[in-house]
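Since the structure comes first, as structure tokens, the remarks are kept for the end.
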Amino acid sequence: MPKGRVLAIQKMNFFNLIWCVVAVVAAVLLPGCGGEAEAKLDDYLEELELESPHQSVTEVEVGSYRFSCASRHKDRSGRELEPVWVQVTFALYASAAHRDESAILAACERHRGMLDDAILTVFRKASIDELSDNSWAALKSKVIDTIRPLLGDRRIRQVFFRDFNWEPI
């Protein structure tokens with residue numbers, strides 16, 4: 001056998017050996033790298049239920065509102081049009097821990113003027129699209145950001161509207 005051919009066979013055997021070693025190392029190490037088992041929804045819901053049972057959450061009425069405001073809107077090309085005057089009515093509720101209910105009610109009374117002004121300011125800046133959204137996600141987000149400093153940052157979990165209605169006047 002020629003000497004060059006022997007060297008070529010030896011190189012092939014060396015590379016085959018390297019590949020075998022890499023495959024064995026990968027087979028040993030990779031099964032442990034699969035990450036954590038995927039969390040199941042049932043496990044998550046059960047965990048939430050244990051941490052905060054339904055009895056510990058309460059709805060606190062922040063206030064009932066009926067006011068008129070000029071609402072912004074745009075045409076299809078994105079050009080801002082004249083504001084539309086609308087009548088808005090709703091009852092605002094906050095969900096909170098049962099133990100925080102009396103503190104929230106006291107803060108509502110203590111800061112009634114600032115609270116009402118903050119909520120009116122949110123709606124004065126609202127667009128027709130925000131008022132028309134069925135979930136009112138943008139409005140809820142703005143309202144909660146506005147009232148949390150007044151009622152307690154950690155007390156308010158979420159806000160929601162009851163009997164929300166708006167109409168042009």
Side-chain angles (χ1 to χ4, degrees), residues 30-169:
L30 287 180
C33 296
E36 294 181 19
E38 195 171 313
K40 294 182 180 173
L41 180 61
D42 292 339
D43 296 338
Y44 176 70
L45 292 175
E46 185 177 319
E47 192 175 305
L48 282 178
E49 199 169 295
L50 291 175
E51 286 181 13
S52 63
H54 295 291
Q55 294 81 11
S56 68
V57 178
T58 188
E59 298 174 0
V60 180
E61 185 174 3
V62 175
S64 293
Y65 297 91
R66 180 184 179 131
F67 53 87
S68 300
C69 61
S71 187
R72 302 174 288 113
H73 69 107
K74 297 179 181 182
D75 64 7
R76 294 180 193 252
S77 66
R79 191 176 37 161
E80 186 125 349
L81 300 173
E82 292 274 330
V84 175
W85 281 91
V86 295
Q87 177 90 25
V88 180
T89 58
F90 62 91
L92 179 64
Y93 286 82
S95 65
H98 186 67
R99 67 181 181 278
D100 292 331
E101 181 178 9
S102 59
I104 291 171
L105 289 171
C108 283
E109 281 301 312
R110 187 171 53 253
H111 301 298
R112 176 57 55 196
M114 290 189 319
L115 187 61
D116 292 345
D117 186 49
I119 291 167
L120 287 172
T121 300
V122 168
F123 279 89
R124 284 183 188 135
K125 295 177 181 177
S127 68
I128 294 290
D129 292 336
E130 290 173 332
L131 292 172
S132 299
D133 179 19
N134 288 338
S135 65
W136 307 293
L139 289 173
K140 286 179 183 179
S141 174
K142 291 174 184 176
V143 166
I144 200 167
D145 288 345
T146 303
I147 69 171
R148 269 189 172 154
L150 299 172
L151 302 182
D153 284 334
R154 299 188 195 279
R155 291 184 185 133
I156 305 295
R157 293 183 181 182
Q158 190 55 264
V159 296
F160 54 96
F161 304 115
R162 284 229 174 103
D163 302 323
F164 187 90
N165 190 23
W166 72 275
E167 60 188 4
I169 51 175

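Considering Phe160, Tyr65, Phe164 as possible partners of Tyr93, the one that fulfils the ring pair (Phe, Tyr, Trp, His ring centres under 6.0 Å) test is Phe160. Of the listed residues (Thr146, Leu92, Leu150), just one forms a side chain to side chain contact (heavy atoms under 4.5 Å, CB included) with Leu115, and that residue is Leu150.
Once rounded to the nearest 0.5 Å, the distance linking CG of Leu151 with CD1 of Ile104 reads 6.5 Å. A distance of 7.0 Å separates CD1 of Ile156 from CD1 of Ile144, quoted to the nearest 0.5 Å. Between the CG atom of Asp133 and the NZ atom of Lys140 there is a distance of 9.0 Å, given to the nearest 0.5 Å.
Of the possible donor and acceptor atoms, one in the side chain of Glu130 sits under 3.5 Å from a partner among the backbone N and O of Ser127. With hydrogens and angles disregarded, no donor-acceptor distance shorter than 3.5 Å links the side chain of Arg155 to the backbone of Ala97. Side-chain atoms of His111 never come within 3.5 Å of backbone atoms of Ala106 as a donor-acceptor pair (strictly under, hydrogens ignored). In this structure a side-chain-to-backbone donor-acceptor pair under 3.5 Å is present from Ser71 to Ala126. With hydrogens and angles ignored, the 3.5 Å screen pairs a side-chain donor or acceptor of Thr121 with a backbone N or O of Asp117. For Arg72 (side chain) and Glu80 (main-chain N/O), no donor-acceptor pair under 3.5 Å exists by modelled atom type.
Contact between Ser64 and Glu61 at its shortest, heavy atoms only, is OG-OE2, 3.1 Å. Closest heavy-atom contact between Ser132 and Trp166: OG-CZ2, 3.3 Å. For the pair His98 and Thr58, the tightest heavy-atom approach, listed with the atom from each and the gap, is CA-CG2, 3.8 Å.
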Evaluate the criterion side-chain hydrogen bond (donor to acceptor under 3.5 Å, both in side chains) for residue pair Gln87 and Ser68; output intermediate values, then yes/no.
CA-CA 4 Å; Gln87 177 90 25; Ser68 300; 3.1 Å; yes
Quick one, Leu139 with Phe161, criterion side chain to side chain contact (heavy atoms under 4.5 Å, CB included). Give me CA distance, side-chain angles, the key distance, then yes/no.
CA-CA 10 Å; Leu139 289 173; Phe161 304 115; 4.3 Å; yes
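Counting non-hydrogen atoms of neighbouring residues, nucleotides and ligands closer than 6.0 angstrom, the CG atom of Asp163 reaches no more than 12 such neighbours.
Side-chain contact between Val86 and Leu131 is present, with at least one heavy-atom pair separated by less than 4.5 Å. Side-chain contact check for Phe123 versus Phe90: some heavy-atom pair is nearer than 4.5 Å.
Partners of Asp116 according to the salt bridge (charged side-chain N to carboxylate O under 4.0 Å, His left out) rule, which considers only residues two or more places apart in sequence or in another chain, are Arg112.
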